[in-house]
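This is a predicted model, so every value here is computed, not measured.
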Amino acid sequence: MDSDEHKRVLDPEHDTAALKALTHPLRIQLLGLLRQDGPATASELAARTGESSASASYHLRVLAKYAFIAEAEHRDGRERRWRALHTVTSWSNETMESTAAGRAFVSLARRRQIEHLERSLARHEADMAAGRIGEEWVERSGISDLMPRLTAESLTELFETVAAKLEELTARDAEDPRAEQVVFLAAGLPLAPREPADPDPAPDARAIDREDLNP
């Protein structure tokens, strides 16, 4: 699924300009749309994002300058089409933590992922309500909010196991006409013990697993 040729690995020391270019929220959104929906023109992406064609075109050229996207095959000669060069943008958290720019980028990227989840949830609910998604997905879709106690080594093993299984299943389902695009986000965020005097930023929060929501 995400072999090396399909992954863009960013390094804060060698990719400073590329990191800065990718911190613009519209560029992240445009890149995500090209990865999710395939090649598109600036006009098509402008319509999806609510931006002007000129603005979308400018930011697409910046993404192309830093090799995140490239020109795709044109349907006609009137307007260039763009395609994503990679399915995934990746980095080393340890390396990113070594510079202020790297830390800022990771923080922004994670918040954009949360926004992507919110947009995807809204789209999923609308698709289900309109009958655009088959009934077989009703029971199987959902969000799990779990809070296990793990060592750093176990968290690494968990991510690696999930990634390997996801790659296996994606390859298996590649030619299956029943397959649909699935938004799958995984988070592993260790939390230090809370001091007794610390305020609770989310007093109503609790771990909710998908099964908890079933009758």
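Within the 3.5 Å criterion, the main-chain N or O of Thr49 finds no donor-acceptor partner in the side chain of Gln29. Side-chain atoms of Ser154 do not come within 3.5 Å of backbone N or O of Leu150 as any donor-acceptor pair. One N or O on the side chain of Ser98 and one on the backbone of Thr95 form a donor-acceptor pair closer than 3.5 Å. Here the side chain of Arg8 pairs no donor or acceptor atom with the backbone of Thr89 at under 3.5 angstrom. Judged by distance alone, with hydrogens and angles left aside, the side-chain atoms of Arg140 form a donor-acceptor pair with the main-chain N or O of Glu136 at under 3.5 Å. A distance-only check finds no donor-acceptor pair linking the side chain of Arg35 to the backbone of Ala84 [under 3.5 Å]. Put simply, the side chain of His86 never gets that close to the backbone of Val88: no donor and acceptor are under 3.5 Å apart. Checking side-chain atoms of Ser120 against main-chain N and O of His116 turns up a donor-acceptor pair under 3.5 Å.
In this structure, the side chains of Glu51 and His59 stay at 4.5 Å or more apart for every pair of heavy atoms. Between Arg48 and Asp37 the shortest side-chain heavy-atom distance falls below 4.5 Å. Two residues are said to be in side-chain contact when any heavy atoms from C-beta on lie closer than 4.5 Å; Arg27 and Tyr58 meet this criterion. Here the side chains of Gln113 and Leu185 are in contact, with some heavy-atom distance below 4.5 Å. Taking 4.5 Å as the limit, some side-chain heavy atom of Leu63 sits within range of a side-chain heavy atom of Leu22.
To the nearest 0.5 Å, atoms CG (Leu19) and CH2 (Trp91) are separated by 9.0 Å.
Neither Ile69 nor Val9 shares a network with the other; the hydrophobic side chains, linked directly or stepwise wherever heavy atoms of I, L, V, M, F, W or Y lie under 4.5 Å apart, form separate groups for each.
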